[in-house]
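One structure is given below, encoded as structure tokens.
Residue numbers start at 1 and run along the sequence shown.
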Amino acid sequence: EMYGAVGDGTTDDSSAIQTAIDFVNTNGGGNVRFAGKTYRAENLTPKDNVTLLGNGASQLKLVTGATHHLINYVSNTILNNFNIKWMILDGNSQTIYDLVHIERQTDRPVYLWDNSVIDSCQFNNGAVGLLCTTPGSVKVINTVFQYNDIGIKQRYEHFYLTNVTLWHNRIGADIYKANHFTWTNAIFAHSTDYGVYADQTFESTLQGCNFIDDNVCFYGKPESNVYL
């Protein structure tokens with residue numbers, strides 16, 4: 001809030017939050033701390049070596065009438081060590097925009113987001129909760145995705161999920177050609193279309209995962225190779 005963020009649930013705090021992210025990035029990295037308030041924002045650009053750190057009640061909520069994703073990174077330059085911990089991200093039920101959108105400008109299976117952690121967060125009421133076209137080593141731990149169109153979406157490579165719940169999304173996880181990952185103790189529940197939708201996923205494992213009341217628990221084309 002030293003950069004002017006209000007956190008009253010109404011004011012657009014995008015500029016103040018971005019200023020804090022940029023400052024931390026240019027000064028060697030560290031935490032951007034959020035109080036237990038609701039901060040309205042859109043089109044925040046993530047930076048290397050920055051952690052968005054809340055206290056469990058800290059909420060980033062998409063502004064009303066948004067024209068961009070909440071956190072938005074479209075580039076061919078790899079994003080390293082960008083983390084989100086103890087935060088609630090909410091799409092304000094504007095289901096054409098994602099909560100975290102990290103997209104390569106050219107569709108290639110080359111890492112775009114690496115060496116990063118999502119820990120103890122909620123992703124609610126967005127188009128896609130967490131999208132990265134090509135995650136490298138991105139760990140998602142103790143986190144809930146609920147009431148999104150799609151909880152998690154990727155095209156290649158790997159998110160690593162541990163103790164993650166995907167609840168009441170249309171699709172829990174859309175993983176296309178993801179590969180060489182292990183998901184442990186994830187719950188896919190009440191998905192109206194698919195718990196997991198896999199196009200040509202291969203050499204991957206869902207270990208100790210549960211599917212509860214999904215319309216279709218797991219869909220994969222014949223060439224998919226996933227151990228359940």
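Leu161 has its side chain within reach of Val140: a pair of non-hydrogen atoms, C-beta onward, lies under 4.5 Å apart. Two residues are said to be in side-chain contact when any heavy atoms from C-beta on lie closer than 4.5 Å; Ile175 and Val196 meet this criterion.
None of Asn27, Asn81, Asn80 except one satisfies the side-chain hydrogen bond (donor to acceptor under 3.5 Å, both in side chains) rule with Asn49; the exception is Asn81.
Using a 4.0 Å cut-off between charged nitrogen and carboxylate oxygen, Lys37 and Asp8 do not count as a salt-bridge pair. Salt bridge annotation for Asp12-Arg40: absent, with no cationic side-chain nitrogen under 4.0 angstrom from a carboxylate oxygen.
Between Phe188 and Phe211, the ring-plane angle classifies as parallel under the 30° and 60° cut-offs. Below 30°, between 30° and 60°, or above 60°: for Tyr97 and His69 the angle between ring planes is above 60°, a perpendicular geometry. Classified by interplanar angle (parallel below 30°, tilted 30° to 60°, perpendicular above 60°), the ring pair Tyr147/His168 is parallel.
A donor-acceptor pair shorter than 3.5 Å cannot be found between the side chains of Asp22 and Thr19. Remark: the Asn215 side chain and the Asp193 side chain contain no N/O donor-acceptor pair separated by less than 3.5 Å. For the residue pair Asn169 / Asn148, a side-chain donor-acceptor distance below 3.5 Å is found, with atom types taken as modelled.
Around atom CZ of Arg170, more than 12 heavy atoms belonging to other residues, nucleotides or ligands sit under 6.0 Å away.
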